[in-house]
Amino acid sequence: MEQKTWQDAEIGEDLGSVVQVMSHEEINRYTESLDDADPWYREGSPWGGPIAPPLILVNEYIRLFKKKYHGGAWSGSLHSKMEFETIRPPLAGAVITTTGKIADKYLKRGRWSLVIETSSRDETGEEIVKSKMTLTFVR
Amino acid sequence: MAENRNLKPGDELPPFRGQISLQQMIRYESWHTERNIHNDPEIAREIGLPTPIPRAVMLSSFIYRMLQNTFGSHWLVRSKLSLNFLKPVNPGETITARGQVSEKNENASGHSYVVAVQVERENKELAAAGKAYVDVGP
């Protein structure tokens with residue numbers, strides 16, 4: 001299969017979807033990597049049971065992009081900007097589906113940037129997180 | 001956790017300070033099946049970095065925790081963070097998330113804040129800077 005590179009990305013291009021289960025193991029892996037012992041993630045929270053930190057979904061744009069753009073497709077890129085909107089936190093045990101698209105592609109000061117927009121919804125279809133991530137290619 | 005509704009423009013939030021160790025970075029990257037500049041010293045050296053560097057979004061977690069410490073559950077409902085990543089940080093260096101209230105606005109559900117946020121490196125360089133929007137209700 002031909003490997004696409006970021007240069008092939010087109011504005012409006014659908015990146016499909018990825019699914020992440022907010023299992024206790026996954027929440028623990030994430031919070032331990034950030035040394036975050038907040039009891040809301042293990043015991044209970046204002047939402048009833050434990051929640052996952054919303055930023056656990058912050059890298060879903062990478063998974064979406066890599067589904068179409070394999071291997072070193074974005075070699076030489078820097079994450080230059082992020083916009084991250086939390087509508088509410090994911091609940092422990094929830095199954096979160098994230099969809100995404102290429103929202104913009106532009107050249108500024110000799111460097112190309114790609115903007116990837118995502119929307120994450122739980123199994124009821126309620127949108128819980130939105131993001132807009134900008135990658136800038138330095139080579 | 002505090003749920004501070006009484007801040008005013010100019011007020012500084014209690015900073016959140018910490019380090020990101022190489023072990024934390026490797027664990028953070030464990031969802032990622034590829035070797036990269038965030039989890040592999042050899043790959044990092046190939047592009048001239050003396051050591052792997054934390055993924056930029058790890059810095060945003062410091063800002064999240066600072067805002068959650070101040071605004072509690074309000075920070076996790078209808079909130080927004082906009083950040084520019086300016087400089088990479090090194091594993092093990094002390095980094096500090098800071099915030100200063102820039103606006104307090106009345107809205108239909110009560111009031112909201114705009115907070116200027118940043119992540120400062122040990123040498124005082126800015127690693128990230130931007131704005132946070134939080135609705136704190138009535």
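Only this structure's heavy atoms are used, side chains among them; waters, hydrogens and symmetry mates stay out. In what follows, every chain begins at residue 1, and chains take the letters A, B, ... in the order their sequences are listed.
- Atom CD of E10(A) is surrounded by 12 or fewer heavy atoms from other residues, nucleotides or ligands within 6.0 Å.
- Contact check for P90(A) versus L57(A): side-chain heavy atoms found under the 4.5 Å cut-off.
- With 3.5 Å as the limit, one finds a donor-acceptor pair spanning the side chains of R17(B) and T96(B).
- Within residues 99-111 of chain A, no residue has a heavy atom under 4.5 Å from a heavy atom of chain B.
- For I128(A), no part lies under 4.5 angstrom from a heavy atom of chain B.
- Annotation: maximal heavy-atom pairing with chain B below 4.5 Å, among S45(A), P54(A), S80(A), occurs at S80(A).
- Between D122(A) and L91(A) there is no side-chain heavy-atom pair separated by less than 4.5 Å.
- Looking at L81(B), the atoms closer than 4.5 Å to chain A (heavy atoms on both sides) sit in the backbone and in the side chain alike.
- You'll find the side chain of V57(B) reaches within 4.5 Å of the side chain of Y28(B), heavy atoms only.
- You'll find the side chain of T70(B) reaches within 4.5 Å of the side chain of L7(B), heavy atoms only.
- Contacts with chain B were tallied for M82(A), E83(A), H79(A); M82(A) has the most, counting heavy-atom pairs under 4.5 Å.
- In the hydrophobic clustering of this structure, I56(A) does not group with I87(A); members are Ile, Leu, Val, Met, Phe, Trp, Tyr whose side-chain heavy atoms approach within less than 4.5 Å, directly or through other members.
- Heavy-atom distances place both the backbone and the side chain of P89(A) under 4.5 Å from chain B.
- No donor-acceptor pair under 3.5 Å is formed between the side chain of N69(B) and the backbone N or O of M66(B).
- In this structure, I95(B) and E93(B) have side chains that are in contact, with non-hydrogen atoms separated by less than 4.5 Å.
- The closest donor-acceptor contact from the side chain of Y64(B) to the backbone of L55(A) lies at 3.5 Å or more, if one exists at all.
- Residue S60(B) touches chain A through both its backbone and its side chain, counting heavy-atom pairs closer than 4.5 Å.
- At a threshold of 4.5 Å between non-hydrogen side-chain atoms, the residues V95(A) and V19(A) count as touching.
- You'll find the side chain of W40(A) reaches within 4.5 Å of the side chain of W47(A), heavy atoms only.
- Within residues 22-37 of chain A, the residues having any heavy atom closer than 4.5 Å to a heavy atom of chain B are N28(A), R29(A), Y30(A), E32(A), S33(A), L34(A), D35(A), D36(A), listed by residue number.
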